2 protein chains.
Amino acid sequence: MDIVDDRTRADRLVSDVSEDILNGAFAPGDRLDELSLAERYGVSRTPVREALRRLASSGLVEVRPRRGAIVARITAEKLAELFGAMAELEATCARLSAIGMTPMERRRLEAFYASMEPLVSAADAEGFAAANLVFHTQIYAGAHNGHLAEITAGLRSRLLPYRCAQFRTPGRLPRSHAEHGAVVAAILDADAAGAHAAMLRHVSLVEDSFERLAAARAVRG
Amino acid sequence: MDIVDDRTRADRLVSDVSEDILNGAFAPGDRLDELSLAERYGVSRTPVREALRRLASSGLVEVRPRRGAIVARITAEKLAELFGAMAELEATCARLSAIGMTPMERRRLEAFYASMEPLVSAADAEGFAAANLVFHTQIYAGAHNGHLAEITAGLRSRLLPYRCAQFRTPGRLPRSHAEHGAVVAAILDADAAGAHAAMLRHVSLVEDSFERLAAARAVRG
DNA sequence: TGGAGGGATATTGTATGCAATTCATCTATA
DNA sequence: TATAGATGAATTGCATACAATATCCCTCCA
């Protein structure tokens with residue numbers, strides 16, 4: 001059974017190149033000249049150009065007019081800004097969720113939070129990471145603002161490569177779960193300021209533990 | 001004296017096409033086929049394609065794979081989401097400004113706010129609109145997070161076409177100025193929650209007056 | 001009359017060649 | 001030796017031709 005991939009070559013290039021950037025085949029600062037990429041991926045320069053522009057708009061590469069593209073070098077300051085912006089956005093979503101979630105959404109959030117407990121007991125970092133994404137996404141959705149949710153989710157995914165080891169730190173799982181608990185409690189309470197503060201604290205703590213260091217390492221290349 | 005424009009054709013197309021969209025030469029939903037655009041602007045399809053993709057990433061057009069591009073139809077709900085997201089982002093910048101602005105930034109903001117008073121007295125809507133942008137931009141900068149500032153400014157500019165008549169409403173100028181005053185006072189007081197609330201209120205009020213109606217009209221085409 | 005199928009047409013996706021610009025290297029001169 | 005200028009190679013920007021896909025319209029059948 002042949003599942004044909006009806007994406008265009010440029011679409012696939014976006015995935016392939018970003019993968020190669022994220023797993024280190026291309027390091028920050030590396031030149032990405034169109035001809036080499038075209039040969040490497042077996043296509044012509046045209047879709048390569050398109051893919052590079054798209055990657056630029058997502059922040060992964062930097063195109064300088066007439067001077068070619070390079071893998072974006074994210075400085076430590078820029079990375080801190082991105083993490084900071086994400087924390088604020090997440091906190092805003094939490095605040096709006098506290099104000100506006102429907103009773104059904106609140107019940108679902110509570111139930112989902114409870115369902116994460118076994119993963120903590122089992123120290124299942126991978127399972128928890130997956131559930132964590134769902135948890136946060138529920139809160140984006142609870143803000144009832146698709147654009148805000150999109151921005152926030154986009155930023156989260158952009159920062160994903162800098163957070164790989166997130167739940168490996170010993171003791172991080174139960175702490176994260178407890179912080180989630182504070183967020184959930186505030187949202188269920190319709191406590192806007194509390195939800196904002198709890199989420200801001202949660203996201204900042206997660207970032208502040210040791211993946212900042214990992215990130216810094218990644219930046220230095 | 002010839003000031004040559006060293007922008008690439010695609011760069012110019014981005015400006016030209018977005019202008020033509022914003023002033024109504026192309027209406028929402030109109031097809032933007034590459035050949036017609038190429039002929040219209042006297043270039044080949046290649047830079048047209050690039051411009052269309054870039055406009056898509058900024059939300060002005062919508063490209064459907066293999067099915068061409070159309071001028072984005074912003075629904076009323078989507079527009080409300082965009083305004084809502086902007087309000088939240090602006091409020092967040094205000095909150096961070098209250099917390100983190102340097103003394104110099106605070107003095108500048110206060111001085112700039114004072115300098116807007118004459119424009120209100122003179123009922124200079126155009127001058128006020130220009131100063132208004134500067135005022136808000138100062139607050140984006142005061143958040144000390146370049147990425148957040150960029151997102152917020154981007155959203156503001158994207159919404160600009162839906163806010164043309166902003167300060168024409170009778171009485172809007174003094175009211176806006178008063179609302180700015182509340183924001184400035186809270187920021188100078190380092191009152192995070194107050195700054196957030198004041199800015200949220202300000203932006204929401206501005207939007208809620210009558211340009212939502214203008215926007216709805218624009219959407220209906 | 002209404003809908004399904006099929007072929008012509010129009011439009012997008014991709015490859016390639018040429019023009020324009022940048023970059024690197026080498027030379028000449030102070 | 002260091003710097004400015006020039007020259008050639010490498011690379012991007014753009015145009016055009018071809019291939020793949022979608023769209024439209026016509027015919028045919030129930």
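Letters A, B, ... mirror the listed sequences (proteins, then strands); counts begin at 1. From a predicted model like this one, the values you see are computed outputs, not experimental measurements.
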Separation of [N] [atom2] from [X] [atom1] (nearest whole Å):
X       : N      : atom1 : atom2 : answer
A:Arg64 : D:dG13 : CZ    : C1'   : 15 Å
A:Arg9  : D:dA19 : CZ    : P     : 13 Å
B:Asp11 : D:dT12 : CG    : C1'   : 13 Å

### Query
Do the side chain of A:Glu34 and the main chain of A:Arg49 share a donor and acceptor less than 3.5 angstrom apart?
no

### Task
Ignoring hydrogens and angles, tell me if any N or O in the side chain of A:Arg40 forms a donor-acceptor pair with the backbone of A:Leu35 under 3.5 Å.
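No, A:Arg40 side chain to A:Leu35 backbone: no donor-acceptor pair under 3.5 Å.
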
### Message
If you assign each of B:Glu34 and A:Arg66 to its closest nucleotide in DNA chain C, which residue comes earlier from the 5' end?
### Response
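So the residue in question is B:Glu34.
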
### Message
If you assign each of A:Arg7 and A:Arg67 to its closest nucleotide in DNA chain C, which residue comes earlier from the 5' end?
### Response
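By nearest-heavy-atom nucleotide position, the 5'-most residue is A:Arg7.
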
Using a strict 4.0 Å threshold on nitrogen-to-oxygen distance, state whether [X] and [Y] make a salt bridge.
X       : Y        : value
A:Glu39 : A:Arg45  : no
B:Glu50 : A:Arg54  : no
A:Glu90 : A:Arg156 : yes

### Task
Strictly below 4.0 Å, heavy-atom distances to any atom of DNA chain C: list the hits from residues 36-53 of chain A, or just say none.
A:Val43, A:Ser44, A:Arg45, A:Thr46, A:Pro47

### Message
Holding to ring-ring contact (aromatic ring centres under 6.0 Å, His included), I want the full list of residues that pass it with B:Tyr113, two or more places apart in sequence or in another chain.
### Response
B:His177

### Query
Among all residues two or more places apart in sequence or in another chain, which pass the salt bridge (Lys or Arg N to Asp or Glu O under 4.0 Å) test with A:Arg12?
A:Asp5

### Message
Tell me whether the rings of B:His180 and B:His136 are parallel (<30°), tilted (30 to 60°) or perpendicular (>60°).
### Response
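It falls in the perpendicular class, over 60°.
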
#### Entry: CA sep, side-chain torsions, deciding dist, call: B:Arg9, B:Thr46, side-chain hydrogen bond (donor to acceptor under 3.5 Å, both in side chains)
CA-CA 10 Å; B:Arg9 293 189 193 348; B:Thr46 309; over 6 Å; no

### Query
If an axis is fit to five pairs at each end of the helix from C:dT1-D:dA30 to C:dA30-D:dT1, what is the angle between the two, to the nearest 10°?
20°

### Summary of salt bridge (Lys or Arg N to Asp or Glu O under 4.0 Å) pairs that have at least one residue in residues 136-154 of chain B, sequence neighbours excluded
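Counting only pairs at least two positions apart or across chains, no salt bridge (Lys or Arg N to Asp or Glu O under 4.0 Å) contact touches residues 136-154 of chain B.
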
### Summary
Note: chain A reaches DNA chain C at heavy-atom distances under 4.0 Å over the stretch, first to last nt, 5' to 3', of C:dG13 to C:dC23

### Task
Carefully, step by step, assess B:Leu79 and B:Tyr162 under the rule side chain to side chain contact (heavy atoms under 4.5 Å, CB included).
CA-CA 9 Å; B:Leu79 195 64; B:Tyr162 301 103; 3.6 Å; yes

